[in-house]
Amino acid sequence: MSDDSKPLNFIEHIVEEDLANNFPKEHLRFRFPPEPNGYLHIGHASSISLNFGLGLRYNAPVNLRFDDTNPAKEEQEFVDAIKKDVTWLGYEWDTERYASDYFQQLYDWAIYLVKKGRAYVDDQSSEEMAAQKGTPTEPGTESPNRNRSVEENLALFNQMKNGEFKEGTHVLRAKIDMASSNMLMRDPIMYRVLHKAHHRTNTDWCIYPMYDWTHGESDYIEQVSHSFCTLEFAMHRELYDWFLDQVYDENKVRPKQREFARRNLSHTVVSKRKLAKLVETGVVSSWDDPRMPTISGLRRRGYTPESIRNFTETIGIAKRDNLIDVSLLEFQVRNHLNKVAPRVMGVLDPLKVVITNYPEGEEEWLDAENNPEDESAGSRKVPFSREFYIEKEDFREEANKKFFRLKLGKEVRLKNAYIIKAESCTKDTDGNIIEVQCTYDPKSKSGSGTEESLRKVKGTLHWVSIKHAVEAEVRLYDRLFTDESPDTHKDKDFMDFVNPDSLQVIKGYLEPHLKEAKIGDRVQFQRLGYFCVDPDSSSEKLVFNKTVGLRDSWAKIAEK
RNA sequence: UGGCCCAUGGUGUAAUUGGCAACACUCCGGUUUUUGGUACCGUCAUUCAAGGUUCGAGUCCUUGUGGGCCAACCA
């Protein structure tokens, strides 16, 4: 089911071309193949929506395959996290596969290659082999073990398998071409000895297949028609094809590897190794710290699956190097949250206001619209009283005409409430304003329909009645790195660019019904931004994360 | 010194495969607004350079220039 309303990316063009050349549509099959050695990040989101998107587009199955060939780095914890993230993003895989499911088949094929004289056991040190490998400009030299007899190779490989050798002493290599201009073709390693327990096969094996030997054959076993990976694997394609040639049966689908450019997001890093370092060094609290570009971090930050999917869709996929500005990502959350997040009022930097002509002890519950973008969201009641908070930055003793907020002698509308006028203010001994005294127009109540209520005043402020306010911890986030591309500097480490002020924890005062907010709830604090309830939150202590601010054109005017 | 890949506004992608350079974001300017939000309108590139083929080139060819990748018992 192809959707022609949108232009195709180059990957889709490849599939379309194959279809046009009579590749049977029902043989289309894709896969998303993460290594379970860390958490998924925003870069993976692109690969996920590419592969699963293709599945949806052509109604073809997509496997979730764990590339688990290195027990030294992989853990069940990561398998679970990856499954959770893919599901959360809204995709369904056809079958859950593991490269480790194919260890026996891979081993049998390896024996077959040995028998064909296409693979041999090498017992040199890695240093020796590296020296023989040559350089990109000079051909390598052949290993003295390259021409062992089949019998000897079989025997040695069997000993490797049976655990008779120590790690690092023996490998199985493909016999290809030590003079190839492609370094990967210079007799690459297929198996190494690793006396480590695997998270799924435990100690069944002590030899483990390398990526190149595993990946293409796994695609072949699963009959994946198109195997998409990132550009750094482009050189691997020749090897991928060579390994396939060894076992390929004409009657089966032959997987095709093609490469696309990894997506780079500005002001962050997307490499598991670097993300792991941020966690290990305590720069962030965990893999799901809301500042992390991981899927779990974005989830905790308040991002929606829709916004991430829309992001990957709009940035597309291509082959050139890129540095995607975070503003493209932020736009997508704002865009989605604008439609679905209930509006509430919260004051994060409080300044007390007293309405001198409002009866002491009185309170009234005013109607407040939950979402102007969505009438079905209904309304709620918000308590109003003589004393309330506004944001400090919303009051100035005096200011120019561009300042639409509260200033002495001028009027402003309190959202969903009354028009008030600032009469005077009091300061502490340091000269800081600590309270503003106002009068209000009792006939100006929002929604009352009176002439006064319809008066236009330039500014509208959010507020929270002090007596009714609920307190909450609010965590504000800034970009994790001060540089837009922290890991591309040859002379500096990415850790040098860590933003020391990426987290700010403050106390906020919220309208009372937020006491009922549940973990994961997303709201808009009007005029401030989108926030969500953090998992650290409890009935005793509310904790909110700031997802993203609203567009703020006042900030730009104020700068001038 | 070898091989492979890439080059379109500030950012990311398109361009019916040789036929008027489009979309989204950002920026700037404006309209609407009981969120300085949203929505809406408008401004912002002749496609890295130089040649060539062609009636016609972002698209094909050549040569440059610039960038990325390749020598882990990682994936």
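Below, read A as the first sequence line, B as the second, and so on, with proteins coming before strands; counting in each chain starts at 1. Treat the numbers as computed from the prediction; the structure is a model and nothing was measured.
Not counting sequence neighbours, the partners of A/Arg148 by the salt bridge (charged side-chain N to carboxylate O under 4.0 Å, His left out) test are A/Asp123, A/Glu152. For A/Asp478, the salt bridge (charged side-chain N to carboxylate O under 4.0 Å, His left out) criterion is met by no residue, not counting sequence neighbours. In this view, A/Ser444 satisfies the side chain to side chain donor-acceptor pair (under 3.5 Å) rule with no residue, not counting sequence neighbours. Residues satisfying the ring pair (Phe, Tyr, Trp, His ring centres under 6.0 Å) test with A/Tyr98, not counting sequence neighbours, are A/Phe66. A/Asp367 pairs by the salt bridge (charged side-chain N to carboxylate O under 4.0 Å, His left out) definition with A/Lys381, not counting sequence neighbours. Taking the salt bridge (charged side-chain N to carboxylate O under 4.0 Å, His left out) definition, one finds that A/Glu364 meets it with A/Lys445, sequence neighbours left out. Partners of A/His13 according to the ring pair (Phe, Tyr, Trp, His ring centres under 6.0 Å) rule, which considers only residues two or more places apart in sequence or in another chain, do not exist here.
If you take atom P in B/G64 and the same atom in B/C73, they sit 36 Å apart, rounded to whole Å. Comparing B/G29 with B/C61, their P atoms sit 45 Å apart, to the nearest whole Å.
Against RNA chain B, the stretch residues 410-422 of chain A makes heavy-atom approaches under 4.0 Å through A/Arg413, A/Lys415, A/Asn416. Proximity of residues 186-194 of chain A to RNA chain B (heavy atom under 4.0 angstrom from any strand atom) is restricted to A/Ile189, A/Arg192. Of the residues in residues 159-168 of chain A, A/Gly168 come within less than 4.0 Å of RNA chain B through at least one heavy atom, sorted by number.
When heavy atoms are screened at a 4.0 angstrom cut-off, A/Glu35 is found touching the sugar-phosphate backbone but no base atom.
Take the nearest nucleotide of RNA chain B for A/Met129 and for A/Leu550: the residue whose nucleotide is more 5' is A/Leu550.
Under a 4.0 Å N-O distance rule, the pair A/Lys256/A/Asp18 qualifies as a salt bridge.
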Each nucleotide of nucleotides 9-18 of chain B classed B (base within 4.0 Å of a protein heavy atom), S (only sugar-phosphate) or -, in 5' to 3' order, makes --BSBSS-B-
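Screening residues 172-191 of chain A for salt bridge (Lys or Arg N to Asp or Glu O under 4.0 Å) gives A/Asp122-A/Arg173, A/Arg146-A/Asp187 as the qualifying pairs, with residues at least two apart or on separate chains.
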